[in-house]
Amino acid sequence: MPGNEIVGATALVTGASRGFGRGIAAALSKAGARVAGVARDRGPLEELRAQLGGSFTAVAADAADPVVAGQLIDKYHPGVLVLNAGATPLPRPVQHHTWQTFSRNWDTDVAHVFHWVREALLAPLEPGSAVVTLSSGAALRGSPLSGGYAGAKAAIRFLTAYAAEESQRAALGIRFVSVLPQLTAATALGAVFAAAYAARQGAGGAPRTDGPALTPEQVGQAITDLVTRPGMDQDAYLLTATGLAPLT
Ligand SMILES: NC(=O)c1ccc[n+]([C@@H]2O[C@H](COP(=O)([O-])OP(=O)(O)OC[C@H]3O[C@@H](n4cnc5c(N)ncnc54)[C@H](OP(=O)(O)O)[C@@H]3O)[C@@H](O)[C@H]2O)c1
């Protein structure tokens with residue numbers, strides 16, 4: 001996407017059918033991109049296509065499948081790739097997790113970022129393209145009711161930084177940036193945890209949604225700004241309802 005030009009560029013968004021991903025797909029489409037949206041359930045993707053029109057393509061697929069990552073990178077060669085898909089962990093204290101439930105976000109969120117980032121570097125995507133990954137504010141301070149979620153999201157931030165370094169070393173010109181949104185009850189995933197922490201508060205749990213709630217529309221606008229505005233060149237950003245803040 002040379003010159004941060006979004007009009008007519010191809011964007012691919014994983015987890016596009018609801019929540020943040022839907023807001024991101026809608027904002028990129030509104031800015032003029034042709035958007036391919038990936039999720040497993042086709043129904044909500046078709047609803048989004050009815051809303052956004054012919055510039056949106058619905059792709060029903062498992063984004064954590066390495067074959068899907070390879071096929072879709074080969075097919076779309078996106079100028080903007082947003083790796084947003086994520087599983088909702090069981091909201092339980094650590095001793096109530098099994099290893100399988102604890103590691104759920106490693107098997108989906110981290111595995112999917114790993115497969116797609118690798119394919120983006122190997123393709124390679126065009127110089128000037130941007131790969132944005134969704135980490136979480138939980139990566140900075142933990143999330144004691146969601147098993148391995150916070151560690152998985154911290155690994156996504158690391159993975160993204162490693163890819164940025166490889167891009168630079170090989171002079172590929174692909175930008176890799178991670179975004180760490182604050183917890184918000186405005187999505188299906190966030191509502192589960194906002195409720196779980198609110199229920200635990202009386203027993204000493206800290207509230208996790210201070211300040212105004214972050215909306216999917218704000219996330220969509222922030223990520224569109226990140227890939228189009230000059231000067232937004234940090235490796236990682238915290239995202240709250242007041243906007244993006246660089247993390248060093
Ligand atoms: N909401 C928050 O408070 C918050 C805060 C920080 C970070 N985040 C991160 O932001 C991202 C989006 O969260 P959200 O709250 O918008 O979640 P959400 O409302 O639960 O939406 C998740 C999306 O990901 C898709 N998805 C899940 N597994 C998938 C897979 N294997 N392959 C393809 N698509 C898959 C879902 O569609 P299907 O189920 O149909 O596949 C859906 O479109 C996640 O990575 C999450 O960890 C969220």
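As the structure is a prediction and not an experimental result, all values here were calculated from the model. Atoms within a ligand are numbered from 1 in the order they appear, just like the ligands themselves. By convention here, the first residue in the shown sequence is residue 1.
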State the atoms of ligand 1, each with its element, that fall below the 4.0 Å cut-off from a heavy-atom position in [X].
{"X": "Q182", "value": "3 (O), 5 (C)"}
{"X": "A61", "value": "32 (N), 33 (C)"}
{"X": "G19", "value": "16 (O), 19 (O)"}
{"X": "L183", "value": "3 (O)"}
{"X": "S135", "value": "7 (C)"}
{"X": "K153", "value": "44 (C), 45 (O), 46 (C), 47 (O)"}

Is the backbone N or O of [Y] less than 3.5 Å from a side-chain atom of [X], with the two atoms forming a donor-acceptor pair by type?
{"X": "W116", "Y": "A64", "result": "no"}
{"X": "T215", "Y": "Q218", "result": "yes"}
{"X": "S29", "Y": "A25", "result": "no"}
{"X": "S136", "Y": "A138", "result": "yes"}
{"X": "D109", "Y": "A87", "result": "yes"}

Below the 3.5 angstrom mark, is there an N/O of [X], backbone or side chain, next to an N/O of ligand 1?
{"X": "F20", "result": "yes"}
{"X": "G15", "result": "yes"}
{"X": "T108", "result": "no"}
{"X": "G137", "result": "no"}
{"X": "S136", "result": "no"}

To which protein heavy atom is [atom] closest, and what is the distance rounded to 0.1 Å?
{"atom": "atom 39 (O) of ligand 1", "value": "R40 NH2, 2.9 Å"}
{"atom": "atom 37 (O) of ligand 1", "value": "S17 OG, 3.3 Å"}
{"atom": "atom 14 (P) of ligand 1", "value": "T187 OG1, 3.7 Å"}
{"atom": "atom 19 (O) of ligand 1", "value": "R18 NE, 3.4 Å"}
{"atom": "atom 35 (C) of ligand 1", "value": "A85 CB, 3.7 Å"}
{"atom": "atom 9 (C) of ligand 1", "value": "Y149 OH, 3.9 Å"}
{"atom": "atom 40 (O) of ligand 1", "value": "D41 N, 3.0 Å"}
{"atom": "atom 17 (O) of ligand 1", "value": "L189 CB, 3.6 Å"}

So, does [X] sit close enough to ligand 1 that a heavy atom of it is under 4.0 Å from the ligand?
{"X": "P216", "answer": "no"}
{"X": "H112", "answer": "no"}
{"X": "R22", "answer": "no"}
{"X": "A138", "answer": "no"}
{"X": "D62", "answer": "yes"}
{"X": "F193", "answer": "no"}

To the nearest 0.5 Å, what is the distance between [atom1] on [X] and [atom2] on [Y]?
{"X": "K75", "Y": "L12", "atom1": "NZ", "atom2": "CG", "result": "10.5 Å"}
{"X": "T160", "Y": "R175", "atom1": "OG1", "atom2": "CZ", "result": "12.0 Å"}
{"X": "R157", "Y": "L159", "atom1": "CZ", "atom2": "CG", "result": "13.0 Å"}
{"X": "L83", "Y": "L134", "atom1": "CG", "atom2": "CG", "result": "8.5 Å"}
{"X": "L247", "Y": "Q234", "atom1": "CG", "atom2": "CD", "result": "9.0 Å"}

### Query
With distance as the sole criterion, is a donor-acceptor pair present between the side chains of S143 and Y197 under 3.5 Å?
yes
### Query
Between F193 and Y149, how do the two ring planes meet: parallel, tilted or perpendicular, split at 30° and 60°?
parallel
### Message
L28 and side-chain contact (heavy atoms from CB on, under 4.5 Å): which single residue from T10, T228, V13 fits?
### Response
V13
#### Entry: Any F114 side-chain heavy atom under 4.5 Å of I156 side chain
no
### Query
Does the side chain of L214 reach to within under 4.5 Å of the side chain of F20, using non-hydrogen atoms?
yes
### Summary
Min over A87, A39, A188, P181 of heavy-atom distance to atom 34 (N) of ligand 1 lands on A39
